[in-house]
Amino acid sequence: MIEKFKKFLYLFSNAKLKFSNPPKKKIIIFDDTSIEDLKHILFKRKYFILNVRFNRVKKIYISFKIIFFFVKYFNNNLFSSYLMAIIKTINPKIILTTIDNSYKFHEIAEILSLEKINFIAIQNAARYDLEENNLLFKKKLIKKNFNKRFFIPQFICYGDHVEKEYRKNKIRVGEYYKFGSLRLSNYLSFIKQKKIKLRKNFFDVSFLSGYSVDKDEKYNESGIDYAWAKMCIYTIRFCIKNNLKFAFIAKGSNKTNKKKELNFFKKYLSKDEFKYLKKSILPANVKKYISYKAIHESNVVTGVVSTMLQDKLALKGKVLVCNFTNHKTWDFPIKNFCFLKKPNYQSFEKRLSMILKLSNERYFNFLNNKKLIYLNKKNLTHQLINKHLNKLIN
């Protein structure tokens with residue numbers, strides 16, 4: 001409690017104090033870190049941004065009304081109590097977030113969702129978190145399974161598979177709205193608006209890095225990082241051998257993260273392989289959807305875990321996914337044909353060669369036409385979300 005109080009004092013000392021109520025709005029955006037994703041949702045709407053990360057809070061509102069609600073909803077967490085006081089003072093119809101795995105959102109939604117406020121979370125990534133939390137709990141690296149903290153009254157998600165996984169893990173969700181991927185929707189709107197012509201199979205193979213943290217350290221187990229890197233090693237080896245046009249799609253969006261990411265793969269690649277990777281790396285530009293365009297223009301996309309592997313399938317494109325670890329945690333949801341578990345290079349090479357030669361139609365016949373993300377190009381995700389919000393507001 002003392003540490004939390006110190007953080008709260010730090011918050012006050014680094015933010016501007018406003019002795020007034022925040023403006024009344026019908027919509028509150030919970031967490032501003034992915035607000036760019038909401039550009040088609042917030043267009044011509046009036047909304048209030050609720051910053052829920054200490055380092056991003058710029059204003060602290062203070063009034064008698066806020067103090068009243070702060071005391072009323074005090075729950076031994078000073079910052080959460082303050083956020084609830086702000087929400088109750090604004091009294092919106094909708095609380096909307098794109099950070100669907102935000103524990104702060106789950107915590108506050110559980111308390112305030114009964115008060116005629118619509119708490120809506122939009123899925124922004126494939127939720128390998130669920131199985132990762134199970135693994136951490138199983139290995140006794142966490143005392144409680146974080147999955148039990150999830151609470152989403154209204155969940156705008158990718159499709160049927162998500163609901164199946166959440167129910168299997170006993171995640172508390174009120175209603176599911178299977179509208180697809182908002183980021184994929186934004187990308188498709190972007191290329192249509194900019195009249196961008198796509199180059200069919202411009203890249204033979206693209207590799208989605210998906211790297212974010214040191215997994216050996218996180219899961220207290222040696223060999224996971226190397227298993228992760230194997231997919232990159234095999235893909236580069238295959239492309240060099242067959243003289244293919246290759247693209248390396250990094251996950252890191254800033255210089256620090258990208259440097260850390262490249263250093264990770266450098267440990268496991270030969271000098272020639274790493275030189276080949278660096279020559280093939282795409283420039284990071286989120287606003288211009290460089291990564292989405294690359295997977296759209298690739299014959300085959302490979303990777304271990306990345307939401308964009310599912311996006312590629314939604315775009316009716318081909319993927320090859322491998323999990324070289326001993327854990328099912330990072331298994332791809334579709335198990336037949338497009339997924340290999342702990343393959344050697346020979347079986348990887350054989351499968352990727354076969355997939356490269358197949359037409360997209362023939363490939364999806366092997367998959368029994370399975371897809372993980374709902375996509376209707378006549379009714380894109382952002383359009384479906386807007387219709388849903390309009391029903392709740394009007």
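Counting heavy atoms of neighbouring residues, nucleotides and ligands inside a 6.0 Å radius, atom CD of Gln346 exceeds 12 of them. Shown here is Lys197, whose NZ atom has no more than 12 heavy atoms of other residues, nucleotides or ligands within 6.0 Å. Summarising the local packing, NZ of Lys138 is surrounded by 12 or fewer heavy atoms from other residues, nucleotides or ligands at distances under 6.0 Å. Within 6.0 Å of atom CG in Asp272, 12 or fewer heavy atoms from other residues, nucleotides or ligands are found, so the atom counts as exposed in its surroundings. Within a 6.0 Å sphere centred on NZ of Lys140, other residues, nucleotides and ligands contribute 12 heavy atoms or fewer. More than 12 heavy atoms of other residues, nucleotides or ligands lie within 6.0 Å of NZ in Lys24, so this atom counts as buried by the packing criterion.
Counting only heavy atoms from C-beta outward, the side chains of Asn368 and Phe337 never approach each other to under 4.5 Å. When side chains are defined from C-beta on, Ile334 does not count as touching Phe339, because their heavy atoms never get closer than 4.5 Å. The closest side-chain heavy-atom distance from Val321 to Val304 is not below 4.5 Å. Two residues are said to be in side-chain contact when any heavy atoms from C-beta on lie closer than 4.5 Å; Leu309 and Asp311 fail this criterion. Side-chain contact between Ile35 and Leu42 is present, with at least one heavy-atom pair separated by less than 4.5 Å. Looking at Lys335 and Lys341, their side chains never come closer than 4.5 Å, going by heavy atoms from C-beta outward.
Aromatic ring centroids of Tyr61 and Tyr82 lie 6.0 Å or more apart. Ring centroid separation for the pair Trp330 and Tyr219 comes in under the 6.0 Å cut-off. For Tyr103 and Phe146, the ring centers sit closer than 6.0 Å to each other. A centroid separation of 6.0 Å or more is found between the aromatic rings of Phe238 and Tyr345. Taking the six-membered ring for Trp and the full ring otherwise, the centers of His296 and Tyr187 sit less than 6.0 Å from each other.
Taking CD1 of Ile87 as the start and CD1 of Ile108 as the end, the distance is 5.0 Å to the nearest 0.5 Å. Expressed to the nearest 0.5 Å, how far CD1 of Ile120 lies from CG of Leu392 amounts to 5.0 Å. One distance of note links NZ of Lys328 with CG of Leu135; it measures 10.0 Å at 0.5 Å rounding. Atom CG in Leu367 sits 11.0 Å away from atom CG in Asn360 (nearest 0.5 Å). Atoms OG and OH, on Ser189 and Tyr289 in that order, are 8.0 Å from each other to the nearest 0.5 Å. The structure places CD1 of Ile122 at 10.5 Å from OG of Ser181, a figure rounded to the nearest 0.5 Å.
Ring geometry, Phe246 versus Phe248: the interplanar angle falls from 30° to 60°, so the pair is classed tilted. Using cut-offs of 30° and 60° on the angle between ring planes, the pair Tyr176 and Phe155 is tilted. Ring pair Phe70/Phe74 is tilted by interplanar angle, where 30° to 60° counts as tilted. In this pair, Phe79 and Phe54 present their aromatic rings perpendicular. The plane angle is above 60°, beyond the 30 to 60° band.
Side-chain N or O atoms of Ser63 include none that pairs as donor or acceptor with a backbone N or O of Asn21 at under 3.5 Å. One N or O on the side chain of Asn323 and one on the backbone of Thr325 form a donor-acceptor pair closer than 3.5 Å. In this structure, Ser359 contributes its side chain and Arg362 its backbone to a donor-acceptor pair below 3.5 Å. Between the side chain of Lys215 and the backbone N or O of Ile224, no donor-acceptor pair lies under 3.5 Å.
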message: Using side-chain contact (heavy atoms from CB on, under 4.5 Å), reason through Asn201 and Glu297 one step at a time and then give a plain yes or no.
response: CA-CA 5 Å; Asn201 296 343; Glu297 294 183 327; over 6 Å; no

- request: Test Lys350 against Ser353 for side-chain contact (heavy atoms from CB on, under 4.5 Å), laying out the working first.
  value: CA-CA 5 Å; Lys350 183 179 178 181; Ser353 297; 5.9 Å; no

task: Tell me, with the steps shown, if Lys342 and Asn326 meet side chain to side chain donor-acceptor pair (under 3.5 Å).
output: CA-CA 8 Å; Lys342 296 185 73 175; Asn326 294 318; 2.6 Å; yes

field: Test side-chain contact (heavy atoms from CB on, under 4.5 Å) applied to Glu165 and His161, step by step
entry: CA-CA 6 Å; Glu165 284 299 302; His161 169 73; 3.4 Å; yes

- request: Would you check, one step at a time, whether the test side-chain contact (heavy atoms from CB on, under 4.5 Å) holds for Leu313 with Tyr363?
  value: CA-CA 11 Å; Leu313 288 178; Tyr363 172 83; 4.0 Å; yes

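The residues Asp31 and Arg56 are annotated as not salt-bridged, no charged nitrogen and carboxylate oxygen being separated by less than 4.0 angstrom. Salt bridge annotation for Glu221-Lys139: present, with a cationic side-chain nitrogen under 4.0 angstrom from a carboxylate oxygen. Electrostatic pairing of Glu163 and Lys178 counts as a salt bridge here, judged by a charged N lying under 4.0 Å from a carboxylate O. Using a 4.0 Å cut-off between a side-chain N of Lys or Arg and a carboxylate O of Asp or Glu, Asp37 and Arg183 qualify as a salt bridge.
Using a 3.5 Å distance cut-off with no hydrogens or angles, the side chains of Arg45 and Asn386 do pair a donor with an acceptor. Side-chain contact check for His327 and Glu131: no donor-acceptor pair (N or O, by modelled atom type) lies under 3.5 Å. Donor-acceptor pairing under 3.5 Å is lacking for the side chains of Glu132 and Thr329. Between the side chains of Ser298 and Ser206, at least one donor-acceptor pair of N or O atoms lies under 3.5 Å. Lys387 and Asn379 share a side-chain donor-acceptor pair at under 3.5 Å. A side-chain donor-acceptor contact under 3.5 Å links Asn75 and Ser81. Residues Asn145 and Asn134 have side chains that bring a donor and an acceptor to within less than 3.5 angstrom of each other. In this structure, a donor-acceptor pair under 3.5 Å is absent between the side chains of Asn51 and Lys59. A donor-acceptor pair shorter than 3.5 Å cannot be found between the side chains of Thr307 and Gln310. Side chain to side chain, Thr235 and Thr302 meet the donor-acceptor criterion of an N or O pair below 3.5 Å. Side-chain contact of Asp204 with Asn299: a donor-acceptor pair under 3.5 Å is absent, judged by distance alone.
Put simply, the residue from Leu96, Thr97, Asn186 that forms a side chain to side chain contact (heavy atoms under 4.5 Å, CB included) with Leu38 is Leu96. Checking Phe119, Phe105, Phe48 one by one against Phe30, the ring-ring contact (aromatic ring centres under 6.0 Å, His included) holds for a single residue, Phe105.
The ring pair (Phe, Tyr, Trp, His ring centres under 6.0 Å) search around Phe264 returns Tyr211, Tyr268, not counting sequence neighbours.
A cation-pi arrangement is found for Lys245 relative to Phe202, the charged atom lying closer than 6.0 Å to the ring centre and inside a 45° cone about the ring normal. Remark: Arg172 fails to qualify as a cation-pi partner of Phe151 under the 6.0 Å distance and 45° angle criteria applied to the six-membered ring.
Scanning all heavy atoms of the two residues, the minimum distance from Phe179 to Ile385 falls at CD1-CG1, 3.9 Å.
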